[in-house]
Amino acid sequence: REEYGTSDPVQLAYAMTIQVVLANARLLRPIWEITDGALGYVSLQLNPKEARDAGKMIDEATWVYGQLEDELGGTPNTVFKVPGTAAGIPAAAALTSTGKGVNVTVNYSLPQQIAFAGAIEANSTAKVTFRTQMDGRLDDPVGEELEAAGVSDWEEVKKWATTAIRQREYKMLCLPPEEGGLGFTKSAPLAASGRGPWNITRTIANGPVTMFITVFPNRQEQFEEKRRQIKPDGMWAPLPAGYHDKLCKSEIFHQAYEPDGMEPKDFINFVPSARTLKQFSDAYDEFLVWVCEG
């Protein structure tokens with residue numbers, strides 16, 4: 001408040017966010033430099049309350065990018081988290097067309113992945129862009145529907161929901177045309193929000209497009225509690241017999257698994273999206289209170 005001469009909560013939230021991002025960007029910048037911008041990025045969350053407004057997201061990212069550029073004395077090693085909503089599609093296209101990387105978040109389904117991958121592929125000049133798949137945030141509500149449908153082993157079946165979607169997504173978007181895919185290379189798939197070791201072992205793939213994984217510290221500790229065999233083709237683990245039929249008892253899984261399971265206008269009200277955006281928005285409100293009163 002003293003430095004910026006304001007008590008406006010939104011302005012203070014921007015200022016505090018930029019300081020946190022700068023601290024981490026400087027920490028990672030040597031990695032970014034020696035890999036020629038392939039690694040070493042900070043993901044910066046745009047205001048979750050603007051998930052329906054492409055123009056505001058573009059303006060916010062452009063302004064913050066300029067602030068980071070000035071402070072770092074060059075291109076920021078930062079990507080902007082853009083929500084997997086209908087408004088997020090033109091926002092991602094516009095930002096990546098000017099060389100600003102994005103990380104598509106609030107993202108769970110093949111329809112979302114197709115829409116964003118296509119928009120990014122057509123326009124992007126960014127060095128790096130990610131398409132996050134929020135594993136547990138999809139699997140959990142799928143499990144709720146399976147339990148309600150009377151699937152006795154729903155707790156195990158739900159763990160394969162994201163695996164089935166990820167396999168289909170990678171084949172469709174990342175494999176080259178001669179192998180039946182679209183050969184998209186301008187956005188990399190990224191796994192997040194895992195709930196256990198299976199989310200890690202069944203994400204590793206040795207394919208034409210790098211798979212990235214982010215892991216919560218507590219999940220990392222859980223994974224490292226015992227020795228595990230890491231298979232370079234772990235993503236292609238076949239679903240246990242009968243699991244796909246059981247997964248199809250969930251409408252949420254159907255919407256996420258089928259390429260035409262949703263239209264862009266439906267993305268923001270998709271159950272995992274609505275829940276996550278509410279959580280992000282509530283956290284943002286708490287942040288506004290903290291920067292004013294802390």
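Here the structure is a predicted model, which is why all the values come from computation and not from measurement.
Atom OH of residue Y65 and atom CG of residue L44 lie 12.5 Å apart, to the nearest 0.5 angstrom. Of the inter-residue distances, the one linking C174 atom SG with Q113 atom CD reads 8.5 Å to the nearest 0.5 angstrom. Atoms CG and CG, from L110 and L173 in turn, are 6.5 Å apart once rounded to the nearest 0.5 Å. Once rounded to the nearest 0.5 Å, the distance linking OG1 of T214 with CG of N199 reads 10.5 Å. Atom CG of D139 is separated from atom CD of E155 by 13.0 Å, given to the nearest 0.5 angstrom. Interatomic distance, D8 CG to Y14 OH, rounded to the nearest 0.5 Å: 10.0 Å.
Looking at E60, its side chain does come within 3.5 Å of a backbone N or O of N47 through a donor-acceptor pair. Panel note: side chain N123, backbone A94; no donor-acceptor pair is recorded below 3.5 Å. The backbone N or O of T132 sits less than 3.5 Å from a side-chain atom of N107, completing a donor-acceptor pair. Side chain of T125 to backbone of G99: a donor-acceptor contact under 3.5 angstrom is found. In this structure a side-chain-to-backbone donor-acceptor pair under 3.5 Å is present from S250 to I252. Within the 3.5 Å criterion, the main-chain N or O of L182 finds no donor-acceptor partner in the side chain of E121. In this structure a side-chain-to-backbone donor-acceptor pair under 3.5 Å is present from Q112 to V106. Within the 3.5 Å criterion, the main-chain N or O of V209 finds a donor-acceptor partner in the side chain of Y170. Counting only distance, with no hydrogens or angles, the side chain of D70 and the backbone of Q67 share no donor-acceptor pair below 3.5 Å. Looking at D135, its side chain never comes within 3.5 Å of a backbone N or O of S193 through a donor-acceptor pair.
A 4.5 Å side-chain heavy-atom check between T85 and S273 finds every atom pair outside the cut-off. Proximity of E145 to V151: side-chain heavy atoms (C-beta onward) are nowhere separated by under 4.5 Å. Annotation: side chain of I89 is in contact with side chain of F267 (closest heavy-atom distance under 4.5 Å). Here the side chains of Y257 and L247 are not in contact, with every heavy-atom distance at 4.5 Å or above.
Ion pairing between a basic and an acidic side chain is recognised when a charged N comes within 4.0 Å of a carboxylate O; R195 and D140 show such pairing. Salt bridge absent: K158 and E144 never bring a charged side-chain N and a carboxylate O closer than 4.0 Å. Salt bridge annotation for E169-R131: present, with a cationic side-chain nitrogen under 4.0 angstrom from a carboxylate oxygen. A salt bridge is defined here as a Lys NZ or Arg NE, NH1 or NH2 lying under 4.0 Å from an Asp or Glu carboxylate O, and E258 with R168 meets this definition.
The heavy-atom pair separating P83 from M57 by the smallest distance is CD-SD, 3.4 Å. Taking each heavy atom of Q133 and S109 in turn, the nearest pair found is NE2-N, 4.1 Å.
With W160 as the aromatic partner, R202 meets the cation-pi criteria of under 6.0 angstrom to the ring centre and within 45 degrees of the ring axis. Remark: R137 is not positioned above the aromatic ring of Y108, lacking an NZ or CZ atom under 6.0 angstrom from the ring centre and at most 45 degrees off the axis.
Criterion: ILVMFWY side-chain heavy atoms under 4.5 Å apart, direct or through other members. Under it, L12 and L288 are not part of a common hydrophobic cluster.
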